[in-house]
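Notes follow once the structure below has been shown.
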Amino acid sequence: MTKYGLRARVITLTLAPTLIIGLLLSAYFTLNRYHDLENQLVETGASIVEPLAISTEYGMSANSREEVRRLLSYVHRKHSDIIRSIAVFDDDNRLFVTSNFHRNFDLLKFPDNQPIPQSLSISQHQDHLVLRAPILAEARFDQTDNQVTMAVLGYVALELDLAPLRLAQYREISVALSVLLFGLLLSGLFAYRLLKDVSRPVRHMVNVVDQIRRGHLNVRIEGKLLGELDTLKNGINAMAISLSDYHVEMQQSIDQATSDLRETLEQLEIQNVELDIAKKRAQEAARVKSEFLANMSHELRTPLNGVIGFTRQMLKTRLSPSQQDYLQTIEKSANNLLTIINDILDFSKLEAGKLVLETIPFDFYDNLDEVARLLAPSAHDKGLELTLNIDPAIPAGLVGDPLRIQQVLTNLVGNAVKFTERGNIDISVEVKAQHDDGIELQFIVKDSGIGISERQQAELFQAFRQADASISRRYGGTGLGLVITQKLVSEMGGEINMKSRLHKGSTFWFNLRLHKTDLPVSQHLDISQLQGQRILLIEPNRQAAAVLQQQLSFAGLQVTYRSTLPERMVQHDYALLCLSPGPQPPISSLLAQIQHIQMHSKHCVVSLPSTELALSEQLLNSGIDACIGKPLSPRKLYEALLSHRPQQLLSNPAPESETPKLPLRVLAVDDNPANLKLIAALLQERVEQVYRASSGRQALQLAQDHSFDLIFMDIQMPEMDGVTTLKQLRQLKRHGQTPVIAVTAHAMAGERERLLAEGMDDYLTKPIEEAILEQTLIRWGGQMDPATPSLTTLTIEQPTVPAPVRSTKVIDWPLALRQAAGKVDLAREMLSMLIDFVPQVQQEIERALKDLNTADGQALTAIIHKLHGSCAYSGAPRVKALCATLETALKSGQTLPQLEPELSELVDELKNLCKAAPEYLQQHTAQHPH
């Protein structure tokens with residue numbers, strides 16, 4: 001540089017740094033701007049396709065192509081400058097709707113072998129950009145995996161044109177180069193002018209520039225300068241003017257951006273309104289669906305009621321054993337079909353969270369035996385062995401919802417039968433844990449069927465889905481059973497799980513915690529005479545033999561097991577010959593085997609598959625003691641061994657023997673006339689004197705005038721309830737120690753303990769069974785007969801109360817007769833009293849339905865409670881179930897608007913009850929014209 005002059009030095013030292021820095025900055029900002037434009041296009045596409053995927057979810061769910069097409073067309077027109085095409089594909093990767101024709105839709109699709117991602121995916125090509133967004137259904141919570149899952153209905157593919165992007169990028173590069181050239185030129189001018197004067201003008205300019213840098217954009221360089229300094233002055237002043245203009249423009253841009261943002265917010269508000277409208281439409285569609293299901297279930301139940309009713313009428317006639325078994329199977333199958341219809345309603349109620357579970361005492365062993373008997377014919381038709389193994393440590397009496405437990409087991413065992421071609425289906429119940437007031441049980445259903453792969457197991461508990469689409473074609477079914485099963489188990493406080501191997505079978509299990517009860521639920525069976533007896537068990541199936549050995553050993557029998565009839569036999573007290581499902585030997589060969597067994601055994605019992613019960617009459621004629629169907633429950637097995645005579649499947653009720661009355665004076669207290677009349681009628685057959693009281697105050701008045709040996713006290717009465725009446729009774733000298741028996745319709749856990757703690761001596765639930773009433777009188781009033789067993793050894797069967805929506809009749813006349821101790825006149829009178837009470841109930845409910853927000857909830861609760869008690873003895877199970885549901889809901893704090901559907905349903909059921917009643921009341925006395 002020493003040989004160059006000042007001019008060259010100034011120009012070189014000025015332009016060289018400017019060129020280097022300008023190139024670096026231009027390259028840096030140009031590249032950033034280049035990528036920002038690409039990102040901006042991607043974000044614009046995402047802001048279009050993601051809301052579009054959300055908006056098309058409703059149309060995809062409703063399968064409305066036209067609605068989705070209008071939405072795509074609107075979006076395409078609005079953004080036509082960048083959008084080439086929009087297409088919607090369903091979850092099977094098929095084209096559903098497109099905004100315009102595309103020559104090759106494969107460019108927009110996901111590969112067929114690739115699952116649809118649940119997030120936005122982007123793929124860039126040479127001249128276009130494709131964005132794909134999934135269309136997701138409503139979120140569901142999977143309790144098995146404790147995760148929220150969203151079903152994929154399909155996806156939206158958006159094709160964007162990259163030509164405008166490239167043009168904008170090239171424009172940015174041109175602008176950057178222009179700015180760079182302009183900077184170089186300006187620097188050259190400055191350098192030239194600096195050569196003229198580098199002292200005072202430069203310092204003045206520096207000061208002015210410094211002021212401009214600090215934000216004083218109004219400062220200018222004044223005066224006339226020479227040559228390039230004047231140009232530099234003008235340049236600096238122009239720069240200041242440009243900065244000022246830029247500042248104004250920037251402020252205007254900010255104002256414009258604020259205005260655009262405000263418009264965007266308004267658009268979002270409009271979209272929220274549209275979403276709210278869509279939500280209301282969806283709720284209306286759900287309501288219409290519920291009404292449709294209710295109407296359809298009613299139409300389907302009507303002919304089924306006829307099938308069930310006439311089947312029960314046929315069962316009352318004289319039939320052969322096979323005919324009776326066939327009719328019983330028809331009745332159970334019809335009830336099972338009715339259960340399937342009710343499953344649809346259950347699914348809707350479970351989805352809405354409105355399913356009400358019962359908590360009632362029931363016979364656990366009979367409950368499971370009913371499931372096994374119902375499904376045994378279908379299993380035996382396929383040659384499958386069905387076994388039922390219940391842990392002997394489980395008590396017979398438990399408190400829970402027996403029909404829901406049966407529903408869960410029926411679904412699981414029914415699936416096992418459906419998907420098993422050969423082998424065994426084993427049902428077992430084990431004790432998992434015991435508590436003071438409850439017991440935790442594990443139910444296991446194991447089969448040797450087709451099994452399920454790990455990939456398919458994830459879809460088992462999804463509504464209307466099965467593990468494989470081919471299963472639906474081969475085996476049938478809607479895929480709804482396991483969903484209801486899972487939800488029912490969850491509602492009952494348990495959990496369900498499974499394990500399976502393909503072609504190796506499946507095992508389903510679920511846990512439930514049930515409460516124990518001291519109430520008698522079944523007739524006690526004395527098996528002490530079987531202790532030490534020797535029995536020969538012949539059972540080809542090893543699993544079934546293991547279950548039978550456990551049951552026989554529990555009864556104290558000495559078991560000798562053989563898989564086939566031995567040629568050499570030793571003497572036994574009993575022989576149990578079991579035939580496996582499938583082809584049977586000729587009847588002559590079977591009779592020869594029985595004859596051979598009878599030569600070495602005192603008693604012979606034959607167990608047949610349910611498909612072979614037609615042979616029972618011939619086998620009974622051969623001299624065997626009993627012929628029973630598989631699978632063998634412990635009670636059926638013990639009864640057969642203790643019978644010592646052929647079981648007659650045709651039987652008529654034996655006339656009741658005259659029972660001597662107890663020398664007791666008994667007071668019955670109940671505010672419900674029907675309940676009071678029934679309990680008084682039952683007591684009059686068993687004790688010498690019966691007094692009635694319709695309120696707590698009347699009971700106190702009678703107690704002051706008379707001495708009673710026993711008092712049956714209703715708990716829920718107006719003005720003075722049963723507990724308050726008891727406390728005042730105890731203050732009377734003559735009744736300080738008189739036994740008082742609580743009578744209530746509530747069998748909830750802890751109710752018995754609460755009443756006993758309040759001072760009650762015993763506890764009975766409505767409806768009262770006369771056998772239980774008789775045992776209560778024996779316990780507290782003295783022995784009727786020295787041979788009568790004590791209450792600790794004799795328990796009587798108590799029928800299960802029907803669960804809500806499960807009853808198939810408006811009036812169950814056999815149930816009414818049982819509750820009236822078999823007295824037809826008393827049953828008609830109880831039903832007539834119920835019909836007389838219906839108008840009062842209808843008036844109160846209609847008054848509440850007119851204005852649900854201001855209606856008197858306490859008055860409605862009281863009258864429903866009274867109706868509930870009347871139904872308990874009148875054979876109206878559906879009305880009784882609805883009353884129980886409403887009473888429980890009202891006492892738990894639910895509001896009347898929440899119970900409007902149940903109240904309306906109760907009004908309909910009461911109308912049906914009044915229509916059905918004349919058929920049963922036509923022979924009643926003239927004082928009851930209904």
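Not measured: the values here are computed from a predicted model. Side-chain atoms are counted along with the backbone in the values below, which use heavy atoms only and exclude waters and symmetry mates.
The minimum heavy-atom distance linking Leu641 with Tyr574 is given by the pair O-CE2, 3.1 Å. The nearest pair of heavy atoms linking Leu619 to Cys627 is CD1-SG, 4.1 Å. Ile597 and Cys604 get closest at one heavy-atom pair: CG2-SG, 4.0 Å. Of all the heavy atoms in Ile394 and Tyr365, the pair that sits closest is O-OH, 2.8 Å. The two residues Ser500 and Gly505 have their closest heavy-atom pair at OG-O, 3.1 Å. Of all the heavy atoms in Trp509 and Ile444, the pair that sits closest is CB-CG1, 4.0 Å.
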Worked check of side chain to side chain contact (heavy atoms under 4.5 Å, CB included) between His603 and Gln533: CA-CA 11 Å; His603 308 287; Gln533 299 290 309; over 6 Å; no
Please test Phe443 against Leu368 for side chain to side chain contact (heavy atoms under 4.5 Å, CB included), starting from the C-alpha separation and ending with a verdict. CA-CA 11 Å; Phe443 300 75; Leu368 266 64; 4.3 Å; yes
Given the rule in the side chain to side chain contact (heavy atoms under 4.5 Å, CB included) test, do Leu577 and Val605 qualify, once you have shown the distances and angles that lead to the verdict? CA-CA 6 Å; Leu577 175 61; Val605 177; over 6 Å; no
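By the 4.5 Å heavy-atom criterion applied to side chains, Val408 and Asn411 are not counted as neighbours. For the pair Phe362/Ile405, a side-chain contact is recorded, criterion being any heavy-atom separation below 4.5 Å from C-beta on. Leu576 is listed as a side-chain neighbour of Leu632, based on a closest heavy-atom distance under 4.5 Å. With a 4.5 Å cut-off on side-chain heavy atoms, Phe364 and Ile390 count as touching. Side-chain contact between Leu615 and Val606: absent, with no pair of heavy atoms (C-beta onward) separated by less than 4.5 Å. Residues Ile624 and Gln598 form a side-chain contact, since some pair of their non-hydrogen atoms from C-beta on lies under 4.5 Å apart. Here the side chains of Leu579 and Glu612 are not in contact, with every heavy-atom distance at 4.5 Å or above. Looking at heavy atoms from C-beta onward, Leu537 lies in side-chain contact with Cys578 at the 4.5 angstrom threshold.
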Side-chain atoms of residues 584-594: list all donor-acceptor pairs with protein atoms under 3.5 Å, sequence neighbours left out, distances to 0.1 Å.
{"from": "Gln584", "atom 1": "NE2", "to": "Ser580", "atom 2": "O", "distance (Å)": "2.6"}
{"from": "Gln584", "atom 1": "NE2", "to": "Gly582", "atom 2": "O", "distance (Å)": "3.1"}

Per-pair distances, 0.1 Å, donor-acceptor, side chain in residues 545-560, under 3.5 Å, sequence neighbours excluded:
{"from": "Gln550", "atom 1": "OE1", "to": "Asn389", "atom 2": "ND2", "distance (Å)": "3.4"}
{"from": "Ser553", "atom 1": "OG", "to": "Gln549", "atom 2": "O", "distance (Å)": "2.8"}

Please table the atom pairs, donor to acceptor, closer than 3.5 Å between any side-chain atom in residues 561-572 and protein atoms at least two apart or in another chain.
{"from": "Tyr561", "atom 1": "OH", "to": "Glu539", "atom 2": "O", "distance (Å)": "2.9"}
{"from": "Gln571", "atom 1": "NE2", "to": "His600", "atom 2": "O", "distance (Å)": "3.4"}
{"from": "His572", "atom 1": "ND1", "to": "Val570", "atom 2": "O", "distance (Å)": "2.9"}

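Note on residues 383-398: pairs passing salt bridge (Lys or Arg N to Asp or Glu O under 4.0 Å), not counting sequence neighbours, are Glu385-Lys630.
Evaluation of the side chain to side chain donor-acceptor pair (under 3.5 Å) rule for Glu440 yields no partner, not counting sequence neighbours. Listed by chain and residue number, Lys516 satisfy the side chain to side chain donor-acceptor pair (under 3.5 Å) test with Gln434 (two or more places apart in sequence, or in another chain). Residues forming a side chain to side chain contact (heavy atoms under 4.5 Å, CB included) with Ser610 (at least two apart in sequence, or on another chain): Ala376, Pro377, His380. When the salt bridge (Lys or Arg N to Asp or Glu O under 4.0 Å) test is applied to Lys432, no partner is found at least two apart in sequence or on another chain. For Ala379, the side chain to side chain contact (heavy atoms under 4.5 Å, CB included) partners two or more places apart in sequence, or in a different chain, are Leu384, Leu386, Val417. Residues meeting the side chain to side chain donor-acceptor pair (under 3.5 Å) test with Asp447, sequence neighbours left out: none. With sequence neighbours excluded, the residues forming a side chain to side chain contact (heavy atoms under 4.5 Å, CB included) with Tyr326 are Ser322, Ala614, listed by chain and number. Shown here are the side chain to side chain donor-acceptor pair (under 3.5 Å) partners of Asp526, two or more places apart in sequence or in another chain: Ser528.
Lys446 places no side-chain N or O within donor-acceptor distance of the main-chain N or O of Asn424, the cut-off being under 3.5 Å. Checked by atom type and distance alone, the side chain of Asn367 never pairs as donor or acceptor with a backbone atom of Asp363 at under 3.5 Å.
Side chain to side chain, Asp426 and Thr387 meet the donor-acceptor criterion of an N or O pair below 3.5 Å.
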